[in-house]
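Chain naming here is simple, since letters A, B, ... match the order of the sequence lines and numbering starts at 1 in each.
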Amino acid sequence: MTDNLDNTIPTPSCGGDDPGQIKDHFDLFHTDTYQNLFEYKRQFEGAHSPEKVAEIAEWTKSWDYREKNFAREALTVNPAKACQPLGALFVAAGFEDTLPYSHGSQGCVAYFRTHLTRNYKEPFQAVSSSMTEDAAVFGGLNNLKQGLENAHALYKPKMIALCTTCMAEVIGDDLGAFITTAKNEGHIPEELPVPYAHTPSFVGSHITGYDNMLKGILKTLTKDEKAETTNGKFNFNLGFDPYIGNIRELKRILGLFGIDYTILSDNSDAFDSPNTGEFKMYNGLTTLADTADSINAEGTVFFQKYTTPKTQEYIANEWGQKTYNFRPFGIKGTDEFLMALSAISGRPIPLELQQERGRAVDALTDSQAWIHGKKIALYGDPDHVLGLVQFLLEMGAEPTHIVVTNSNDEFEAEARELLANSPYGQGATVWGGKDLWHLRSLLFTEPVDLLIGNSYGKYLWRDTGTPLVRIGYPIFDRHHMHRYATLGYQGAINQFNWIVNTILDELDRQTIVPAKTDISFDLIR
Amino acid sequence: MTTVEDRKALIDEVLEAYPDKAKKLRAKHISVQEAEKTDCGVKSNKKSVPGVMTTRGCAYAGAKGVVWGPVKDMIHLSHGPVGCGYYSWSGRRNYYIGTTGVDSFGTMQFTSDFQERDIVFGGDKKLDKLIDELEILFPLSKGTTIESECPVGLIGDDIEAVARKKAKEYGKPVVPVRCEGFRGVSQSLGHHIANDTVRDWVLPKADEYRKLPEGYEPGPYDVNIIGDYNIGGDAWPSRLLLEAIGLRVICQFSGDGTFNEVVMTPLAKLNLIHCYRSMNYICRFMEEKYGIGWLEYNFFGPTQIAKSLRKIAAQFDETIQEKAEQVIAKYQPRMDAIVAKYRPRLEGKKVMLMVGGLRPRHVVPAFTDLGMEVIGTGYEFGHGDDYKRTTEYIDEGTVIYDDVSGYEFEELAKNLKPDLIASGIKEKYVFQKMALPFRQMHSWDYSGPYHGYDGFEVFARDMDMAINNPTWSLISPPWQISQD
C-alpha cells in the first residue's frame, strides 16, 4: 500500500508571502503537491490499469469500434439537440412585455433559464407552474390558475406565452380549457393574450418547440385582425438563430432597401440589453400590435425552413399569405435573398450592399487558398448546417461528415442534392439522427481538417485533435460570439474569418516546436 | 426603529405585490434574524408558489446533477426524453482525473432519448437494450445509474426490474434512481432519493463489489470525505489538509469519486461531511448500520478551517491534534498576508447570499475573515435543520429568505443596497444590470477552488475583483453624471 506521503505538511501553494501570487485551478492542480495527491488517491479508486485504459482508448479509434458504435439502436450519447420548451421560451422572449411560462414541474424552467443565460450572459426570465406529485395525480389546473394569477400580479406582462413540459403532456393537461377557466374565474384578465403550445420533450427538439410557440403566438394575436387590404409590410422570421447580431444585420439591410417590415420575434435586445444600471424585465422588441397586424402583410420570409414548418403551413393556409424561404448565408445565399428583396420592393440593390458584396468576395478570394480542399465535419440544427454547407462549398472546402441529430427526410434529401451539385460535395456523408459520439468515431476513422459546431465540440477537439470553429448554439466557453452576424455579406466575412484564422492558428501550433517542426513557422501566411 | 424592525417593514412592503393567497404563503418564508431565535424563523422545504420565478431545480437535478453525477467511472443515464440530460451536461464543473469516454464519463451525456412510442409502449425494453449497448461501447465503466425523468414515473415503467436483471447479467451495479422531477418540492428530494439508492442498492452488496488496494489494512485514521462535489477542484485542497493532519482519506463521495470508493465507505472510522444537506442521509445510515460517526466541517476561510481542523483532530489522538496545530501554524502567515492584502479593499462591504446546499451559511465566515458583512442569506432548497445551523453564523438583523423568488430578491436588494450579491447564474445578470457586483456561488464563476487554505486565496482575490471591478464606474455616461 502506498505511503501516505509521510504526512508531510504541504507548503502553501505559492510558498512565499507574496499574496499577489495566487494559484487557481488552472495552475494549482499541476503543482507537485496535488499531483502527488492524485497519485496517492489512485490506490482507492479501483481503477483499471493505465495499460488497459490505453488499450481501450486505442480501440475506440478503430473501425471495429465505429461499426459497434453505429450499430446502437437504443442509446444516445452526446446528442446535438435540446428539447421543445427551450425553443418555445426562446421565441416568446422576442415579443413585447411577454412572460415565457412553462407549465409542468419546475426543474425544467430552471434548466432553460440556465442554458440560455450561459450562452448569452444575459438574464433570462421565465416562470413555471411548479407542479409536484399532487398535480401528477389530479392534473395541473390549480397550479396553472395560481401560477397565471401570481405571474400576472408580480410581473405585469402584456402577454403570457405558455408552453408545456413532458409532465403536463403525459398527464394530458388541456391548456386551452385551463386558460379559459383561469380567465372565467378571474385569475387573469379576459383580454390578456395567453398563447400556448404543446411542447413535450419526447417529440422533436428545440426547433419543434420554436415552431409550435411561434404558431401559437401568431394564432392568438392575429385572431379577427384580418383586414381588407395588405399593410404593405413583409414579415421576417429567423428561426432558432442564436446570433442576435443577425437580427440587427437584417434590420440594417431592410433599412437600406427601405422595406417596411415586422420581425416575428425580435429577441435581439432580450439577449443583449444595454447596461444602464437598471434591470429591465422585458426586452422583446416585436410589439403585440405589429404581431397582430402581421396577418395583413404582403408575405412572410423565413430563414429556417425546417424550424418552422407548422407556422408556414398555418400562414399559407389560414392567412392565405405567401411564405418565402431564404438562407442568406455566404455569398450566393445572400445574393438570392437580396435579389428577392429587390424584386418585392421594386428597388435596386443598394450601392452600400453591392460594395459590401465586393469586399466580402475580395476577402474570400484573398484567403481561399487556405481553405481550398479542406475536409470539414460539422453538426447542428438542419437549417444552420445547410447554410454552412452551402457557404463551405462556394469557398472550395469539402464538407465531409454532416451530423444532424434532429434531422428529417426532407432535410437529408435537400442536403444530398446541394452536395451532389458541387464538385466539392462529392465526398460528403449526411448523418441524420446521429449524435456526437458517432461523430467521434467518424473523426477517428476518416479524419478531417476542421470541425464546426457548438461548444460541445471541444470534447471532440480534445479526443481527436481536430481543430474546432465554434458556430452554433450553445457557445458557453467563448464570449460574445452571439453579438456577431453570420448572415449577409458581413456575416460571411465573420464566419470566414473564424474559419480561416482557426486553420492558421492550427498551422502555428503544428509548426511551433523549435528545431523540430518550426521550419514553416512563418511570419507571413 | 431598530434594524430588525426596519427590515421587517421592508419585507412587508415587498410582499405587497403578491395576490393574497401567495402573500400569505410567502410571508412564512421571509424573516429577520433576532437574537433569541434559534431557527431563523422561516418555513422551508415547502412547495414553491406557482408562477413566481423560483430558482429551484428538481429531484432529477439533485440526484443526477449532484449526488451520483460526479462518481466518475460510472455511467449516469438520463432515462427519458432528451432535455434533462442535455441541460445538465457538464454544467457543474465537477473536476475529475480520468480518460473521458474510456474509464471516466463525467462530462458526457447518456440518454435514452424517449420518443412518443416509448411513452405509449413503455421504455423498459429500450432500457434493457441500452445497457447492452453501454456494455459493448464502454466496457471499462464500473456500473450504471438510471436517473429517471418525469415521464418514466408517470407511465409506470419498472426500471427496478430491468436494473436487477442487467446487474446480474453483467456482474456490475445497475442502480435505478427514481428521481422524476415532479417528486418533492426541489432538488433536495433528489439528494435524499440518491442517498437511499446507495443505502438500498449499493452498500448491501459492497463486500462483493469492493476492490481492496494491495496490502490494505483498515487503519485508525481512515476517513471519508462526504458531500464535496469537487466543483472547480474543491475536494482536493480539502483532502490535502485532512491528509496533512495525518488522516487517511479512503473515499471521496462523490466529487472525483469512483464506484470503488463508494463501496469502500463502510471501512472508514469517521465520515467527514461537507454538504450536510445533500448527504446527511447516508451518514446517518452508516452510523446506524456500521457505527461510523459523522462530523460536519467547514473549509471556507481560515477561521473556520482552523476551527474545523481542530474539531476533526479532536476525534482522534494527540498525534493528529499536534499535526493539526502544525498545519494551522504553517498556513497562518500566508493567510495573514492574504487578509492583509485584501481586507483593506473589502472592509465593511455588505453581501447578500442566496445559494443551495451549505453555502448560505458556510461561506459567511470567509466573508467575515475579509472584513465583509453578510446582511441577507437564504437557501434555494434548505430544510429546517439548515436554518437552525445558520443561526451559528449570522448576526441579528440579517434578512433570511427561503426559496426567494426573483421578484423578492430584486426588491430586497434594491432596498438593502449590498455591495456584492453572491448567488447563481440565473441571478447573476439581473443584478449586474443593476450595476451590482456579483459572484456565482454554485460554480465559483468558473474560478475556484474555494475550499481549504488554497481555496481561500482564490476566494479573496475573486471577491476583490468583483467589487473593485473598474467597469462599474463606466455604467453611467459622463454626460449623465454632469447633468445630475
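- Heavy atoms of B:Y450 lying under 4.5 Å from chain A are absent altogether.
- Ring to ring, A:F29 and B:W236 are close: their centroids are under 6.0 angstrom apart.
- Comparing A:V109, A:T117, A:L154 by how many heavy-atom pairs each has under 4.5 Å with chain B, the most go to A:L154.
- At a 4.5 Å heavy-atom cutoff, A:F476 makes no contact with chain B through either its backbone or its side chain.
- Taking B:M264, B:R183, B:K211 one by one and counting their heavy-atom pairs under 4.5 Å with chain A, the maximum is reached by B:R183.
- Of all the listed residues (A:Q106, A:Q84, A:H103), the one sharing the greatest number of non-hydrogen pairs under 4.5 Å with chain B is A:Q106.
- Interface residue A:F279: backbone and side-chain heavy atoms are both found under 4.5 Å from chain B.
- Using a 4.5 Å cut-off between heavy atoms, A:E169 does not touch chain B at all.
- At a 4.5 Å heavy-atom cutoff, the contact between A:P274 and chain B is made by backbone atoms alone.
- Between chain B and the residues A:Q146, A:K41, A:H115, the largest count of heavy-atom pairs under 4.5 Å involves A:K41.
- Contacts of A:S128 with chain B are made by backbone atoms alone, with heavy-atom separations under 4.5 Å and no side-chain atom involved.
- With a threshold of 4.5 angstrom between heavy atoms, A:A54 does not approach chain B through any atom at all.
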Open item on the list: The test is side chain to side chain contact (heavy atoms under 4.5 Å, CB included); show your working for A:K23 and A:H30 and say whether it passes.
Closed with: CA-CA 10 Å; A:K23 287 197 175 83; A:H30 303 289; over 6 Å; no
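- In this structure, chain B has no heavy atom under 4.5 Å from any part of A:R42.
- Taking chain A as the reference chain and counting heavy-atom pairs below 4.5 Å, the highest number among B:L130, B:V102, B:L137, B:L154 is found for B:L137.
- You'll find the ring centres of B:F110 and B:F138 inside the 6.0 Å limit.
- For B:K47, the NZ atom sits in a loose shell: 12 or fewer heavy atoms of surrounding residues, nucleotides or ligands are nearer than 6.0 Å.
- Taking the six-membered ring for Trp and thresholds of 30 and 60 degrees, A:F38 and A:Y34 have ring planes inclined between 30 and 60 degrees apart.
- Between A:F271 and A:F124, the ring centre distance stays below 6.0 Å.
- Residue contact with chain B, scored on non-hydrogen atoms closer than 4.5 Å, is absent for A:S102.
- Most heavy-atom pairs under 4.5 Å with chain A: of the set B:D113, B:D73, B:V327, B:L240, this distinction falls to B:L240.
- Looking at A:D134, the atoms closer than 4.5 Å to chain B (heavy atoms on both sides) all sit in the side chain, from C-beta outward.
- Looking only at heavy-atom pairs under 4.5 Å with chain B, the residue among A:I56, A:T60, A:N69 that has the most is A:I56.
- Proximity to chain B (any heavy atom under 4.5 Å) is shown, for A:K81, by both the backbone and the side chain.
- Using a 4.5 Å cut-off between heavy atoms, A:K280 does not touch chain B at all.
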